[in-house]
Amino acid sequence: MPLQPIESYALDKWLILPGPREAVASAINGEAVAEYGLGEMDCAAMLDHARHVGGPALRAMTVHQRAAMLKALASAIIDRKEELYALSANTGATRRDGWIDIEGGAGTLFALSSAGRRELPDGHIIPDGKLEKLSKHGSWVGQHVYTPMQGAAVHINAFNFPVWGMLEKLGPALLAGMPVIVKPAPQTSYVAEQAVRIMLDTGALPKGALQFLAGPPGDLLDHLNGQDVVSFTGSAATAASLKSRPAIIRESVRFIAEQDSLNAAVLGPDCDSDSEEFELFVKEVASEMTVKAGQKCTAIRRAFVPAALMDLAQDAIMERLSGVRMGNPSDKETTMGALVSREQRARLESNIERLEKAATRVPAGGEGPSEAPKDGAFAMPVLLRADKPDDAAAIHEIEPFGPVATLMPYRDIDHAIALARRGMGSLVMSLFTADPAIARKVTIEAASFHGRLAIINAGNAAESTGHGSPLPSLIHGGPGRAGGGEELGGVRAVKHYMQRTAIQGTPEMIAAIIGEYVAGAPRIAADEHPFRKKLSELEPGYSMTTASRKVTLEDIEHFAQFTGDNFYAHMDEEAAKASPIFGGRVAHGYLILSFAAGLFVDPDPGPVLANTGLDNLRFVKPLKPGESIQVRLTVKSISRRGPTMGQVRWSVEVTNQDDEMVATYELLTMNEG
Ligand code: NAP
């Protein structure tokens with residue numbers, strides 16, 4: 001029977017690379033399941049298509065339109081997930097492993113889509129930080145902005161999570177407005193290929209936005225320039241060789257690397273063998289060894305316990321491992337699948353051999369399997385034990401990419417921290433402790449060696465997502481050995497595919513560029529109360545100044561009595577006089593806010609549906625009894641939340657009778673129309 005060809009998608013067409021073919025074997029029985037071509041792809045043409053067709057089309061869309069596109073892609077993956085699960089079983093993945101990959105991948109796109117719509121403006125430019133005043137009279141100001149890079153994002157992926165690994169990079173790049181060329185790892189590229197087909201079938205992607213290179217990467221990296229971005233996931237050795245390619249160095253190509261790392265789990269010195277944290281630690285070590293057959297970049301490779309607990313921890317981990325049911329992922333009973341390939345198993349065995357020079361293998365026991373099934377690429381979980389961790393250099397340097405971890409003792413928390421840092425940069429470290437002082441010490445002394453630090457204890461056991469799960473809202477990556485890259489982290493992820501530029505000019509110019517009102521820019525005098533205007537009729541700069549209102553001592557006393565806020569600064573003249581700040585009784589800040597609302601609110605039902613919050617509140621100058629306030633309300637920015645609704649951010653400036661600033665804040669309302 002002819003094998004399923006794994007096709008590439010280049011210049012908006014599916015094709016199999018010419019020349020000889022390479023078969024991909026099932027991880028379950030070793031039989032060939034698919035094949036890809038080994039011939040050369042015209043990589044320069046793919047890059048050209050991405051840069052000149054995909055890029056302009058994506059950049060013509062607004063950020064929110066691109067966010068909606070991600071949602072459409074994620075929904076399609078969920079709707080057709082069973083097609084992916086069926087293929088995924090051949091890679092050795094259990095249903096649970098597949099869930100992390102397939103539904104976890106779609107979930108990442110959903111999360112990015114929603115963060116993009118909630119947290120980024122609906123335009124083509126993303127302002128970064130506040131307006132910087134650069135001159136005395138305010139005519140020379142600066143604003144940092146992000147705009148999409150105008151090249152192609154080249155994503156080189158590892159084999160272990162063909163869907164999640166692709167989508168966690170694809171989502172941020174597309175949301176930023178960059179077209180993507182995906183180069184999957186061959187071993188699981190038939191799963192990635194199907195995910196690409198599903199996404200293309202939605203019709204949501206503009207032409208040239210997504211291309212897929214199933215085959216040798218050829219000279220792809222040699223054509224890159226400073227507008228392109230490489231995001232690589234794989235081994236440290238491959239990353240080092242790709243990073244040092246002449247074009248990457250010469251053109252200063254942004255290179256994000258996510259590499260193997262020697263992640264640590266530490267059982268805190270405060271935990272004894274009866275503690276819940278001990279149980280949680282043991283469960284996590286065993287689970288990280290077996291989920292995805294240990295082929296997770298975040299898996300626990302080094303497990304540290306107080307020296308006195310070594311034997312107990314070893315026995316407890318081995319007991320848990322004895323409950324593992326290894327076998328065909330299609331069987332419901334199976335809890336651990338296979339490695340991706342026999343080559344991977346051979347690589348793992350050779351790494352275990354090297355590790356065994358520094359550690360001892362704990363013999364398997366209990367009722368679990370004593371050996372792995374012969375067919376396919378199954379590998380038994382292996383717990384190693386290194387009683388002299390300071391001398392066991394190999395354990396801190398060699399990543400066994402499979403169901404392997406090494407248990408090691410430590411003397412005290414300083415020793416545990418020193419050992420964890422021997423990984424020289426890891427994606428994640430987990431600390432099992434109930435003692436905040438230990439957690440704080442570890443954070444101060446070891447966080448800089450890690451991209452993520454998970455502090456797990458009885459207080460979060462029921463809800464914790466555990467040691468090994470990268471989450472879309474948190475960054476994924478790590479320093480040094482882990483590659484020095486960063487991915488995910490909510491909308492932070494988008495910025496890796498954008499350039500930050502400092503724009504200088506007049507406030508008027510900056511406001512026009514970013515599409516937001518900024519202080520000092522011209523305002524549009526309201527011809528009608530802004531709360532009576534539909535969303536579509538409002539624009540940044542639209543501004544109204546209210547009548548003024550005197551704030552009396554009776555108002556202050558009434559407010560104090562009504563709310564119960566009898567702080568001395570409002571109620572005790574003598575104490576207020578003695579204060580270095582007030583010099584006498586002053587109005588409550590909240591009274592000023594309430595009176596401000598009373599001045600600008602339009603009472604009748606209208607397009608303003610709700611007041612949803614208030615940001616950046618500052619009380620600038622105290623207001624004495626007998627002084628007056630007046631409010632200037634200006635539309636700062638408008639962010640649509642669908643066709644009929646949106647959020648308006650208002651700049652609110654409360655001034656006194658001498659036009660001095662009393663309070664400033666940004667008011668958020670949900671508006672119709
Ligand atoms: P790998 O051998 O380094 O390969 C990674 C990717 O690089 C593959 O797609 C590979 O494709 C590609 N590649 C190799 N040479 C290339 C070249 N000259 N030009 C362009 N692409 C090239 O890693 P792997 O064995 O697939 O993955 C396992 C490793 O990945 C483990 O060490 C694991 O820790 C790490 N990993 C890290 C993370 C993370 O987020 N930090 C996540 C998952 C996995 P070809 O095979 O076609 O060459």
Side-chain angles (χ1 to χ4, degrees), residues 26-28 70-71 73-114 157-171 184-185 187-199 233 283-284 286-300 320 323-340 377-378 381 401-403 427-428 452 454 462-474 476 487-488:
S26 156
I28 309 306
L70 294 193
K71 193 171 176 190
L73 304 182
S75 303
I77 297 277
I78 292 296
D79 289 348
R80 294 174 60 182
K81 65 184 181 186
E82 291 308 328
E83 295 169 32
L84 298 170
Y85 275 113
L87 293 170
S88 178
N90 268 327
T91 71
T94 61
R95 181 88 191 179
R96 184 178 167 206
D97 300 337
W99 179 82
I100 299 171
D101 189 31
I102 298 160
E103 300 189 47
T108 300
L109 285 188
F110 277 128
L112 277 166
S113 167
S114 114
N157 297 336
F159 65 77
N160 54 345
F161 289 109
V163 181
W164 179 86
M166 175 166 67
L167 300 185
E168 59 116 11
K169 290 186 164 102
L170 184 67
Q187 301 94 319
T188 52
S189 53
Y190 52 97
V191 186
E193 181 209 18
Q194 189 57 21
V196 169
R197 285 185 190 278
I198 291 172
M199 291 190 285
T233 300
K283 189 168 152 218
E284 200 67 1
S287 150
E288 286 291 310
M289 287 172 73
T290 52
V291 170
K292 191 73 194 168
Q295 299 166 110
K296 258 176 35 186
C297 54
T298 50
I300 297 170
R320 279 217 162 243
V324 168
R325 301 269 169 281
M326 191 190 301
N328 191 324
S330 314
D331 295 342
K332 287 220 165 59
E333 306 283 280
T334 297
T335 57
M336 178 174 159
L339 298 181
V340 74
F378 291 92
F401 204 57
L427 295 169
V428 54
R452 184 161 58 83
E463 291 187 315
S464 145
T465 47
H467 165 106
S469 302
L471 298 171
S473 56
L474 300 184
H476 172 60
E487 292 177 333
L488 298 177

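Numbering of residues begins at 1 and proceeds along the displayed sequence. Predicted model only: the values in this text are computed from it and were never measured. What's counted below: heavy atoms across the whole structure, side chains too, no hydrogens, waters or symmetry copies.
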**Q.** Partners meeting salt bridge (charged side-chain N to carboxylate O under 4.0 Å, His left out) with Arg320 (sequence neighbours left out)
**A.** none

Q: Work out which heavy atom in Ala299 is nearest to a heavy atom in Gly294; give both atom names and the distance.
A: CB-O, 4.1 Å

(Q) Using only atom types and a distance under 3.5 Å, with no angle test, would you say the side chain of Thr290 pairs donor to acceptor with the backbone of Ala293? (A) no

Q: Check salt bridge (charged side-chain N to carboxylate O under 4.0 Å, His left out) between Glu333 and all other residues, then give those that pass, not counting sequence neighbours.
A: none

Q. Residues two or more places apart in sequence or in another chain: which of them pass side chain to side chain contact (heavy atoms under 4.5 Å, CB included) with Glu82?
A. Tyr85, Arg95

**Q.** Reported CG-to-CG distance for the pair Leu474 and Leu488, which is rounded to 0.5 angstrom
**A.** 9.0 Å

Q: Working to the nearest 0.5 Å, report the span between OG1 of Thr465 and NE2 of His467.
A: 11.0 Å

Q. Which residues pass the side chain to side chain contact (heavy atoms under 4.5 Å, CB included) test with Thr335, sequence neighbours left out?
A. Val324, Arg325

(Q) Looking at every heavy atom in both Arg452 and Gly466, which two are closest together, and how far apart are they? (A) NH1-O, 3.9 Å

Q) CG/Leu73 to OG/Ser113 distance, rounded to the nearest 0.5 angstrom? A) 9.5 Å

Q: Taking all heavy atoms of Thr298 and all of Pro470, pick out the closest pair and write down the distance.
A: CG2-CG, 4.3 Å

Q. Hey, are the side chains of Ile28 and Ser330 touching, using non-hydrogen atoms and a 4.5 Å cut-off?
A. no

Q | All ring pair (Phe, Tyr, Trp, His ring centres under 6.0 Å) counterparts of Phe401, not counting sequence neighbours | A | Phe159

Q. Can you list the residues that meet the salt bridge (charged side-chain N to carboxylate O under 4.0 Å, His left out) rule with Lys296, with sequence neighbours excluded?
A. Glu288

Q: Write down the atom of Ala338, the atom of Ala27, and the distance for their closest heavy-atom approach.
A: CB-O, 3.6 Å

Q.
Suppose we screen for ring pair (Phe, Tyr, Trp, His ring centres under 6.0 Å). Which residues come up paired with Phe378, at least two apart in sequence or across chains?
A. none

Q. Among all residues two or more places apart in sequence or in another chain, which pass the side chain to side chain contact (heavy atoms under 4.5 Å, CB included) test with Ser88?
A. Thr91, Ala93, Ile102

What side-chain donor-acceptor pairs closer than 3.5 Å can you find for residues 163-170, not counting sequence neighbours?
| from | atom 1 | to | atom 2 | distance (Å) |
| --- | --- | --- | --- | --- |
| Trp164 | NE1 | Thr108 | OG1 | 3.4 |
| Lys169 | NZ | Asn157 | OD1 | 3.3 |
| Lys169 | NZ | Thr233 | OG1 | 2.3 |

(Q) Going by the rule salt bridge (charged side-chain N to carboxylate O under 4.0 Å, His left out), which residues pair with Glu193 if we only count those two or more places apart in sequence or in a different chain? (A) Arg197

**Q.** Spacing of Met289 atom CE and Met336 atom CE [to the nearest 0.5 Å]
**A.** 8.0 Å

Q) How many angstroms lie between atom CD of Gln295 and atom CZ of Phe161, to the nearest 0.5 angstrom? A) 8.5 Å

Q) For the atom pair CG (Leu109) and OG (Ser75), what is the distance rounded to the nearest 0.5 Å? A) 9.5 Å

Q.
Taking the cut-offs as 6.0 angstrom to the six-membered ring centre and 45 degrees off its axis, would you call Lys71 and Phe110 a cation-pi pair?
A. no

Q.
Please enumerate all residues that pass side chain to side chain contact (heavy atoms under 4.5 Å, CB included) together with Ile198, with sequence neighbours excluded.
A. Ala76, Ile77, Arg80, Glu83, Leu84, Gln194

Q: Please identify each residue that fulfils side-chain hydrogen bond (donor to acceptor under 3.5 Å, both in side chains) with Gln187, with sequence neighbours left out.
A: none

Q: Kindly give the heavy-atom pair with the smallest separation between Val191 and Pro162, and that separation in Å.
A: CB-CG, 3.9 Å

(Q) Could you report the tightest heavy-atom contact between Ser26 and Asn90, atom names first, then the distance? (A) OG-OD1, 3.4 Å

